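One structure is given below, encoded as structure tokens.
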Amino acid sequence: MAFKDLSLHSALLDNIKLLGYNTPTPIQTQVIPAAIEGQDLLGIAKTGSGKTASFVLPILHRLINKGVANQKTRQPKVLVLVPTRELAIQVAEVFQSLAKSLPKPVKSLAVYGGVSINPQMKSIFGTDVLIATPGRLIDLEDSNAVDLSKVEVLVLDEADKILNLGFQEEMQNILTLLPKERQNMLFSATLNKKLEEIKKVLLHEPKVFEIKEKAEATELINLAGYFVSDKKKGPLLRHLIKEKGMQQVLVFASSRQRADKVAGKLNKNGIQADSIHGKKSQAERIDILEKFKSKKLRVLVATDLISRGIDINELPYVINYELPRSPKDFVHRVGRTGRAESEGLAITFVTRDETHHLKVILKKMKRYMDIEDTAEMDF
Ligand code: ADP
Ligand code: MG
């Protein structure tokens, strides 16, 4: 199957080529035709498998064909909801790079909290595709900067996260603002909620088109583990970075304080590091992530804030400095590496009393992992 067989507009095919995509990924092959038909669907596929383009392409195709693009109103035709600000920016970038030089320009815009709302209020004018985090979207609605009554397509990226408790109230609020007649598309690597429950959230009876792929089978990601006491985690981290010559490594810590501490300690030991988490200003977050992506920063220590959806080209290493609470978080964290068919290594630090928890995670992932004991290691 080639992109040209998916009956996409030819201008889109040119942009696909410019991005260097040769063939559609399996999720793209399956989702794009159904999405063009206007069906409601669930796209479930492993991390890094190209889910973003699988909704961006049919949406752009629809906007070109319907000739509704570039309307001078505050009524976006497409709404994409994402759980984090960083993901909003990233998804908007994918829309923008696939919407270059279209016969009718399509304007996409990311809106998210933590930055001043005024520029966003102005920019919404003429926006066709709005990519938003739920909280800021509601603020914009409240100040009449956006009218959601003309939305034709709703996308939930990282849908299980958007549909979980933390966003429940905001989601209910947003759904009442949308027209009942619309296309709904949900995407995630870990969407295991019951279909009935999802149908309820989507309000009207969706024709559900489910793509089944082994979502947890992130087989290009090599897993390695180390039994290590809390006290020796810092030295082990420095040892591994040096020994393996890691030049770009994403480290996950369990809290904001821990992330800061781990990064500080690395810097003290001559390894360039910074941290990213919800306590930092949005400007700082954007700046740090950008530096890390462009390899100007060697080690990024993060909370689960960036475990969802963030795409870092050919990131070779992820390290779990601490085990995440849920198997889902583990899947998403390690899924920052091994993207788009590249290989990656995910290393996990485990204390002895976490052995059972780790077993639960690995069982859920249907993966085995060798765990080395650091008691005998010299570092
Ligand atoms: P997911 O949302 O499934 O985790 P993304 O949509 O973020 O994955 O895509 C992961 C990476 O794969 C991105 O860098 C993207 O540019 C790239 N990609 C997407 N589709 C293709 C394709 N058909 N061929 C090659 N690379 C692709
Ligand atoms: Mg994604």
Side-chain angles (χ1 to χ4, degrees), residues 1-6 8 12-33 35 41-60 80-100 108 110 131 133 155-162 185-191 211-221 248 250 289 292-295 304-316 318 328-344 346:
M1 177 72 81
F3 274 112
K4 64 171 171 36
D5 302 323
L6 294 173
L8 289 164
L12 293 172
L13 294 178
D14 294 342
N15 290 337
I16 289 167
K17 221 179 264 163
L18 281 178
L19 279 188
Y21 299 177
N22 294 321
T23 48
T25 65
I27 188 77
Q28 290 164 358
T29 306
Q30 297 188 57
V31 161
I32 291 171
L41 59 90
L42 301 175
I44 306 173
K46 66 186 182 191
T47 55
S49 60
K51 292 188 288 295
T52 319
S54 77
F55 62 82
V56 172
L57 287 168
I59 284 172
L60 292 175
V80 182
L81 292 173
V82 295
T84 66
R85 303 163 186 180
E86 279 73 12
L87 191 54
I89 295 169
Q90 182 179 300
V91 170
E93 282 168 0
V94 176
F95 267 105
Q96 281 150 14
S97 47
L98 283 168
K100 282 197 184 116
S108 23
I131 302 108
T133 54
V155 177
L156 307 191
D157 196 12
E158 303 292 340
D160 58 330
K161 184 83 185 172
I162 292 279
M185 298 195 257
L186 276 65
F187 293 87
S188 185
T190 50
L191 192 63
I211 314 297
K212 278 208 170 110
E213 238 188 298
K214 282 183 290 169
E216 280 90 15
T218 41
E219 59 280 289
L220 284 159
I221 304 169
Q248 193 189 26
L250 176 60
L289 188 59
F292 184 64
K293 281 189 175 183
S294 59
K295 301 197 170 87
D304 279 306
L305 176 73
I306 65 157
S307 67
R308 288 276 183 161
I310 298 304
D311 186 51
I312 303 161
N313 196 21
E314 304 201 343
L315 173 68
V318 168
K328 255 191 196 182
D329 289 338
F330 190 91
V331 170
H332 288 283
R333 283 181 179 191
V334 305
R336 292 321 97 214
T337 184
R339 301 179 72 72
E341 304 290 297
S342 66
E343 268 199 44

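The shown structure was predicted, so the numbers you read here are calculated from the model rather than taken from an experiment. Atoms within a ligand are numbered from 1 in the order they appear, just like the ligands themselves.
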Worksheet item: Does one side chain, of H332 or T47, offer a donor that lies under 3.5 Å from an acceptor on the other?
Response: no

Worksheet item: Which residues satisfy the salt bridge (charged side-chain N to carboxylate O under 4.0 Å, His left out) test with D329, sequence neighbours excluded?
Response: none

Fill in: With R308 via salt bridge (charged side-chain N to carboxylate O under 4.0 Å, His left out) - residues at least two apart
E158, D160

Practice prompt. With the side chain counted from C-beta on, respond yes when T29 and T25 share a heavy-atom pair under 4.5 Å apart, and no when they do not.
Written response: no

Fill in: Pairs where residues 12-33 contributes a residue and the test salt bridge (Lys or Arg N to Asp or Glu O under 4.0 Å) is met, not counting sequence neighbours
none

Worksheet entry | Residue among R333, K328, K161 satisfying salt bridge (Lys or Arg N to Asp or Glu O under 4.0 Å) with D304 | R333

Discussion item. As a test of reading the model: which residues have a non-hydrogen atom less than 4.0 Å away from ligand 1?
Written reply: F3, Y21, T23, P24, T25, Q28, K46, T47, G48, S49, G50, K51, T52, D311, R339, A340

